[in-house]
2 protein chains.
Amino acid sequence: MDSTLLKGLTLLELLTQSPVPVGVSALATKLALPKSNVHRTLGTLVSAGYVRRLENGTYEASLKVWELGMQVMKRNQLRRAAIAFMHALQGVTTETVTLVAPDGDDCLYIHQMEASAPLRISTAAGERAPAVMTISGRVMMAFYADAAQRAQRLYDAVSPRPPFGLETLLSDLKTIRQNGYAMSGSHWRPGINSMAGVICGPDGVPVGAIAVAGSKERFTDEKMQELVQPLLSACANVSRALGG
Amino acid sequence: MDSTLLKGLTLLELLTQSPVPVGVSALATKLALPKSNVHRTLGTLVSAGYVRRLENGTYEASLKVWELGMQVMKRNQLRRAAIAFMHALQGVTTETVTLVAPDGDDCLYIHQMEASAPLRISTAAGERAPAVMTISGRVMMAFYADAAQRAQRLYDAVSPRPPFGLETLLSDLKTIRQNGYAMSGSHWRPGINSMAGVICGPDGVPVGAIAVAGSKERFTDEKMQELVQPLLSACANVSRALGG
DNA sequence: GGCGACGTTCCATATAGTAGAACAGCCACA
DNA sequence: TGTGGCTGTTCTACTATATGGAACGTCGCC
């Protein structure tokens with residue numbers, strides 16, 4: 001099943017995750033592969049432009065992966081549909097507005113519009129977090145048809161074990177479903193208030209979420225209450241733009 | 001030389017460049033490869049998470065490439081060093097500020113801060129353009145030690161043939177070198193005024209450029225003149241932050 | 001000066017990818 | 001309602017291609 005390709009991709013992933021250039025030996029031990037093998041694979045990755053070889057014989061990922069990735073993101077339906085309405089929402093609040101998509105057990109941070117007073121602590125675009133631990137993830141989970149089963153599966157999958165029980169999660173999801181939006185909790189990052197609404201596709205299945213987050217002191221409960229309607233209408237507009 | 005890996009990467013590039021999902025046959029003919037081969041390769045790309053198979057048997061690139069690419073970009077030295085000073089520059093002007101890096105014969109658009117009145121026509125982050133055709137590319141070319149040779153090579157490489165002669169380019173570069181910055185031209189995109197300064201690494205070699213661009217009507221010659229000093233100091237600051 | 005760890009090169013072996021043919025499903029046109 | 005031509009997919013014998021151990025040259029450190 002194309003083990004060579006698979007190995008090359010794994011190698012590329014390792015390099016993209018490494019904060020510093022890596023040598024052949026380190027990569028070889030990490031992949032449990034002979035040095036000569038890794039060396040040749042690195043050679044082809046270099047000749048394809050995905051990896052750069054530094055003068056001291058170490059290797060690092062080039063920007064080619066990023067360039068390809070940006071082409072993909074540029075065409076992303078969710079982002080294209082959401083970006084205008086996010087701008088509008090950004091105009092109403094002064095906090096950080098984030099676009100999130102579900103991806104496996106996690107939610108993936110697609111786009112972020114930083115507040116004028118930027119929120120340094122928050123997760124940035126391109127990162128991911130367990131769905132159970134974020135309001136964005138929760139608001140999406142709440143609106144799946146099989147919400148309860150899915151919640152249990154995701155809850156069991158997350159490690160380390162969350163600081164709350166499964167029952168708490170399930171009742172939270174129920175509340176979210178009733179309200180139509182999710183709020184605060186600050187389970188994921190302490191000191192931060194946040195709220196999120198769900199974006200649904202044509203078939204009513206959650207395909208994304210818009211979240212607003214700010215520091216507890218500035219982004220008070222009152223301000224959040226004022227934002228409920230703008231947030232919900234933004235989400236509704238995006239859902240409609242997607243054909244829902 | 002790991003032809004399988006090379007082929008898989010080419011396939012991935014094709015998919016990232018395609019605006020719509022593609023079928024096996026189309027990919028096979030484009031790569032001049034047997035269908036069965038492409039089919040198996042697509043299978044491993046899917047199992048690795050880089051490609052998604054749609055229900056109608058067509059394939060499209062997933063966001064995994066983008067996710068990896070964002071990890072690389074997050075660590076990018078140039079971007080990390082420049083972003084704060086770009087923000088400062090953005091505060092002075094109301095136009096679009098762009099960070100550019102040289103990459104082969106092209107310049108690659110690393111980061112873009114949109115103006116309050118956004119400039120829709122300009123090239124976006126993740127895209128690339130021939131160095132000869134942009135002020136950002138020109139300001140970097142002008143400050144290489146072998147500027148003249150490099151200019152000739154890049155001039156000959158670009159197609160279609162530029163609407164200006166090599167002599168014009170060389171004299172332009174000379175002017176740029178004397179001024180310390182590049183201005184306007186609007187060779188690449190008509191109706192747009194633009195200016196750029198160069199960012200140099202520790203060894204004095206150009207490693208990037210900062211460009212400011214706006215519509216001819218709003219971003220007048222006078223406004224550009226006022227921006228020369230802020231732009232140059234921003235570039236100098238970034239160069240210094242890089243150890244230059 | 002020599003030990004150890006590094007990146008790199010080489011080459012016989014067999015494994016893993018190749019390519020063609022055959023299959024099954026779909027759609028369009030007659 | 002066929003039928004022809006297009007999909008994507010499966011299968012298999014073949015051989016070209018990746019494999020991995022051993023040997024090489026080089027650097028830095030004790």
Side-chain angles (χ1 to χ4, degrees), chain A residues 1-62 64-65 68 72 75 77 202-203, chain B residues 1-62 64-65 72 75 77 202-203 243:
Chain A
M1 202 218 288
D2 282 277
S3 61
T4 306
L5 173 54
L6 229 46
K7 176 176 47 100
L9 293 173
T10 315
L11 201 48
L12 189 58
E13 288 180 35
L14 270 181
L15 285 175
T16 59
Q17 282 157 18
S18 165
V20 290
V22 203
V24 178
S25 298
L27 292 167
T29 58
K30 195 165 290 187
L31 291 175
L33 250 51
K35 278 197 298 179
S36 60
N37 195 332
V38 173
H39 180 262
R40 183 175 33 80
T41 306
L42 282 172
T44 73
L45 282 176
V46 167
S47 80
Y50 288 87
V51 168
R52 248 206 331 272
R53 200 200 102 108
L54 305 187
E55 294 184 355
N56 53 350
T58 60
Y59 296 82
E60 67 177 11
S62 78
K64 181 158 184 179
V65 204
L68 287 190
V72 181
R75 300 189 230 286
Q77 296 282 2
D203 45 6
Chain B
M1 203 217 289
D2 282 279
S3 59
T4 306
L5 173 54
L6 229 46
K7 176 175 46 96
L9 293 172
T10 314
L11 200 49
L12 190 58
E13 288 180 35
L14 270 182
L15 285 175
T16 59
Q17 282 155 18
S18 165
V20 289
V22 204
V24 177
S25 298
L27 292 167
T29 56
K30 195 165 288 187
L31 290 175
L33 250 51
K35 278 196 301 178
S36 60
N37 195 333
V38 172
H39 181 261
R40 183 174 32 81
T41 307
L42 282 172
T44 73
L45 282 176
V46 167
S47 80
Y50 288 86
V51 169
R52 247 206 332 271
R53 199 199 103 108
L54 305 186
E55 293 185 357
N56 52 349
T58 60
Y59 296 83
E60 68 177 10
S62 79
K64 181 159 182 177
V65 204
V72 180
R75 299 187 230 288
Q77 296 282 359
D203 45 6

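Letters A, B, ... mirror the listed sequences (proteins, then strands); counts begin at 1. Note: hydrogens, waters and symmetry copies are ignored here, and every other heavy atom, side chains too, is used.
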Along DNA chain C (nearest heavy atom to each residue), the more 5'-positioned of B:Lys35 and B:Ser3 | B:Ser3
Nearest-neighbour nucleotide for the B:Ser36 side chain, D:dT19, C:dT9, C:dG20 considered = C:dG20
Is there a donor-acceptor pair closer than 3.5 Å between any side-chain N or O of B:Ser62 and the backbone N or O of B:Gly49?
-> yes
Side chain of B:Arg40 (C-beta onward), nearest among C:dT18, D:dG20, C:dA19 = C:dT18
Answer with base, sugar-phosphate or nothing: what part of the nucleic acid does B:Thr58 contact at a heavy-atom distance below 4.0 Å?
-> nothing
Send over the distance from A:Lys30 NZ to C:dC6 P, rounded to a whole Å.
-> 13 Å
Separation of atom NE2 in B:His39 from atom P in C:dG20, rounded to whole Å | 18 Å
B:Asn37, nearest nucleotide to its side chain (from D:dG8, C:dA19, D:dT19) = C:dA19
Closest nucleotide of DNA chain C for A:Gly23 versus for A:Met1: which of these residues is on the 5' side?
-> A:Gly23
To the nearest Å, give me how far apart CG (A:Leu31) and P (D:dT19) are.
-> 12 Å
For the side chain of A:Pro34, counting heavy atoms from C-beta on, which of D:dG20, C:dG17, D:dA18 is nearest?
-> D:dG20
Straight-line distance of B:Asp2 CG to A:Thr41 OG1, nearest 0.5 Å = 4.5 Å
Using modelled atom types only, decide if a donor and an acceptor are shared between the side chain of A:Arg75 and the backbone of B:Val20 within a distance under 3.5 Å.
-> no
Nearest-Å distance, CG (A:Leu6) to P (D:dA18)?
-> 15 Å
Report the distance from atom CG of B:Asn56 to atom C1' of D:dT7, rounded to the nearest whole Å.
-> 11 Å
Nearest whole angstrom, please: distance from the P of C:dC26 to the CG of B:Leu54.
-> 17 Å
Output yes when a side-chain donor or acceptor of B:Lys64 lies under 3.5 Å from a complementary backbone atom of B:Ala48, and no otherwise.
-> yes
Between B:Lys7 and C:dG17, does any side-chain N or O lie under 4.0 Å from OP1 or OP2?
-> no
Protein-nucleotide distance (A:Glu55, atom CD; D:dC27, atom P), rounded to Å = 13 Å
Short question: side chain of A:Ser18, backbone of A:Leu14 - any donor-acceptor pair under 3.5 Å?
-> no
What is the distance from CG of A:Asp2 to C1' of D:dA18, rounded to the nearest Å?
-> 12 Å
Under 4.0 angstrom, heavy atoms only, what part of the nucleic acid is B:Ser25 near: base, sugar-phosphate, or nothing?
-> sugar-phosphate
